[in-house]
2 protein chains.
Amino acid sequence: MRLSGPAAWGGQTELADETVLRRAPTERDVAKLAGVSQSAVSRAFTPGASVAKDTRGKVLKAAEALGYKPNLLARSLATRRTNIVALAISNLENPFYVQVVKELSDRLHETNRQILLFITQPGADGDAMLERVLSFKVDALVLAAATASPALAAEFHKSGVPIVQINRPSGLSGISTVCGENELAGERIASFLIAGGHRRFGYVSGTVESSIGKARLDGFSKRLKGHAEGGIQVAYGDYTFEGAAEAARKLLTSARPPDAIFCASDYMAFAVLDVARRELGLDVPADVSVVGFDDVPEASHPKNNLTTYSQPASALVVETIRILDAMIEKPGRPARRREVHGDLIVRGSARLPARGIVTEDTQRIWRE
Amino acid sequence: MRLSGPAAWGGQTELADETVLRRAPTERDVAKLAGVSQSAVSRAFTPGASVAKDTRGKVLKAAEALGYKPNLLARSLATRRTNIVALAISNLENPFYVQVVKELSDRLHETNRQILLFITQPGADGDAMLERVLSFKVDALVLAAATASPALAAEFHKSGVPIVQINRPSGLSGISTVCGENELAGERIASFLIAGGHRRFGYVSGTVESSIGKARLDGFSKRLKGHAEGGIQVAYGDYTFEGAAEAARKLLTSARPPDAIFCASDYMAFAVLDVARRELGLDVPADVSVVGFDDVPEASHPKNNLTTYSQPASALVVETIRILDAMIEKPGRPARRREVHGDLIVRGSARLPARGIVTEDTQRIWRE
DNA sequence: CTGAAAGCGCTTACAG
DNA sequence: CTGAAAGCGCTTACAG
């Protein structure tokens, strides 16, 4: 290629300049133009470093002239900080996780960090893929709707890279987790539905393994004890729209269909609403009440008008970053577990109890 | 901190080992354990490098024992290739762009590359944010539902970083673009609606500046010439759900409401469908036909059953990567423009013409 | 405040 | 096939 170049350009041979322009300018180039040392250039771009105002000015002017941008990768090599956070996520079809990604991106940006994206398969633990994370020497790994295997967790722990799982309470010692009020939410939704006069209950879970799904069901069934005719009917929606639709069909066409269905996510609740109304011609909530989880933006839309339990993505992300930073700061620290506060948001998809509904911050919530 | 450590541990002072374990293992560590040179370790991890099988074996074993992972950032510094592609995206609420992200992530992964994510504000050109891209020395920048300003484009061009815009045909010389068949789609949808017996037409565009929106409208109005009573009514939905709902209200409650509405994206078409059916109690398509653009997965769902023009995310991404790689390979190359083929997908949200509907690959499409 | 120098963890001619 | 060495573009004690 070196040889064919000049020939292809018709025998012209002024390659020298070309070569110079080809390469992105470095601190050395800036230093030469500004008439200072390379270290001076480095200092001019390091907040808080000791440089004379005058020197800094000359450097910045020269940098501007050359279009110099500090090479963050080289900086990372020297500082052992990449300012890159890996995000593994499996369920971007669910608007809740879109919110999480967006919030995380925004918040990290405030401290000049970026997301390195790993989209994993919902089922797989994504270990093979996440091995690569270690090679990129990211500052931390965030898992959203994705689970780290014990082996992977151990490897990260050994290499000192903090992991925070969002919405996956994990028993693994090295992994911090941030969740919503899963069990409490289940209890309060149960109370709400009992107060609304319901008798037969269904639960659309995500997957069998889902620990948050289990926690929500635990709270739900604990409070329902003695109030549920024939126990709680559980169906699995796989956290997908189609899966949840199928689960809804199963529940609502069973011998004794539930008159209230709690769904492990708003996204699945939308599918349940559609099956109930459009396919089966049921009246919601007269025939069946539907309650979701997350309070995604679409839940408040008139066409869904979904009663749900909020799990604010922004609070989840703020807490995630707080933990992350603490772990980066002091690598030795044990993992933390945090729950983010939510509320039962009352809308029109579930029958209303006679009392307990209050208005707060423009939304109607329920207090027992 | 150095000082307080040992004291906090009760006066114990065996810090040395601790320090050794703290650091991630490097080629030197592996080399020492394997009894070879550091370069030999490097070669063992470089596909195609000349290493004796035996040497390679020793290295791999030692690496395994130490939990060594090559530092990709250091490699990048030496090779001037980061294997990171920046993706700027503004509209993750729209499922079409979720598909784009997912496809791009999957395809890049096949060649061991990752996405560095930049979520930009829909309105802003995101220049400030994208400046950072240059510092990360990514191999390329992909813009999806995001636009580079001429100034930014020039800066990237100067630094030799290829840019490909998805769905934003750009006049800027340095920028390659990949789009669907915007103008052709507009024409064919117009023909389809004329054949379906419509007379009054509406168009829900995204934003005033949107060049793809303009191209679609151009094709649409060109073919509609002489068939549209009182011209085409245009409203802007801002590519958002709420914006499109508002646009639909405006069109459908006007003095002479359209009997056919073409929407610049499926996502906006969903809002239009909801307003037409639920808010205004119209029958779709008896009272009004609605046609979308993109053919996102939700479009085929029974509840939407949307007639639309396909713009396959996978093909778009494949083409994007092809162009990207060509530009990385030969930096001098002029920008390219590609159109990805689509079809008019016939479903139930628009009245059917008497003829031209054929079945292909399990879907019904329309051929004039 | 400043420059020379060592080092971050790799790759890659070069000489053997 | 292999090792010593230079270099990728930064940061950061160190000495002045």
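Computed from heavy atoms alone, side chains included, the values below leave out hydrogens, waters and symmetry copies. Below, chains carry the letters A, B, ... as their sequence lines are ordered, and counting in each starts from 1.
- With respect to B/Glu155 and B/Lys158, no salt bridge is recorded, no charged nitrogen being found less than 4.0 Å from a carboxylate O.
- In summary, B/Lys61 and B/Glu64 do not engage in a salt bridge, as defined by a charged side-chain N under 4.0 Å from a carboxylate O.
- The distance from atom CZ of B/Arg23 to atom P of C/dG7 is 13 Å, rounded to the nearest whole Å.
- Between the A/Asp139 side chain and the A/Val85 main chain, no donor and acceptor come within less than 3.5 Å of each other.
- Listed for the A/Ser90 side chain is a donor-acceptor partner under 3.5 Å among the backbone atoms of A/Ala145.
- Note on B/Thr26: only backbone sugar-phosphate atoms sit closer than 4.0 angstrom, heavy atoms only; bases stay farther off.
- Rounded to an integer number of Å, the gap from A/Gln38 CD to D/dT12 P is 12 Å.
- In this model, the phosphate group of C/dA4 is not approached by any side-chain N or O of A/Ser39 to a distance below 4.0 Å at OP1 or OP2.
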Pairing string of DNA chain D (Watson-Crick or G-U wobble, both atom distances under 3.5 Å; | = paired to other strand) is |||.||||||||.|||
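- Residue B/Ser37 places no side-chain atom within donor-acceptor reach of the base of D/dA4, judged by atom type and a 3.5 Å distance cut-off alone.
- No side-chain donor-acceptor contact under 3.5 Å links A/Thr46 to the backbone of A/Ala49.
- Contact annotation for B/Phe45: no contact, since no heavy-atom pair falls under 4.0 Å across all strands.
- Of the possible polar contacts, none joining the A/Thr82 side chain to the A/Ser76 backbone as a donor-acceptor pair under 3.5 Å is found.
- Looking at B/Arg43, its side chain comes within 3.5 Å of the base of D/dG3 through a donor and an acceptor atom.
- Interface residues of residues 71-82 of chain A facing DNA chain D, ordered by number: A/Asn71, A/Ala74, A/Arg75, A/Leu77, A/Ala78, A/Thr79; criterion, heavy-atom separation under 4.0 Å.
- Separating the CZ atom of A/Arg56 from the C1' atom of C/dT2 is a distance of 16 Å, rounded to the nearest angstrom.
- Across the C1' atoms, D/dG16 and D/dT12 are found 16 Å apart, a figure rounded to whole Å.
- Judged purely by atom type and a 3.5 angstrom limit, B/Thr177 has no side-chain atom pairing as donor or acceptor with the backbone of B/Arg337.
- Straight-line distance from the NZ atom of A/Lys53 to the P atom of C/dT2: 14 Å, rounded to whole Å.
- Phosphate contact (OP1/OP2 of C/dT12, side-chain N/O of B/Thr46, threshold under 4.0 Å): absent.
- The separation between B/Asn83 atom CG and D/dC8 atom P is 20 Å, rounded to whole Å.
- When rounded to the nearest whole Å, the span between CD of A/Glu27 and P of C/dG3 equals 13 Å.
- Of the possible polar contacts, none joining the B/Thr111 side chain to the B/Arg113 backbone as a donor-acceptor pair under 3.5 Å is found.
- Using a 4.0 Å cut-off between a side-chain N of Lys or Arg and a carboxylate O of Asp or Glu, B/Arg322 and B/Glu319 qualify as a salt bridge.
- Checked by atom type and distance alone, the side chain of B/Arg75 never pairs as donor or acceptor with a backbone atom of B/Pro70 at under 3.5 Å.
- Taking atom CZ on A/Phe136 and atom P on C/dG9, their separation rounds to 18 Å, with Å as the unit.
- Using a 4.0 Å heavy-atom criterion, one finds that A/Lys69 contacts the sugar-phosphate atoms exclusively.
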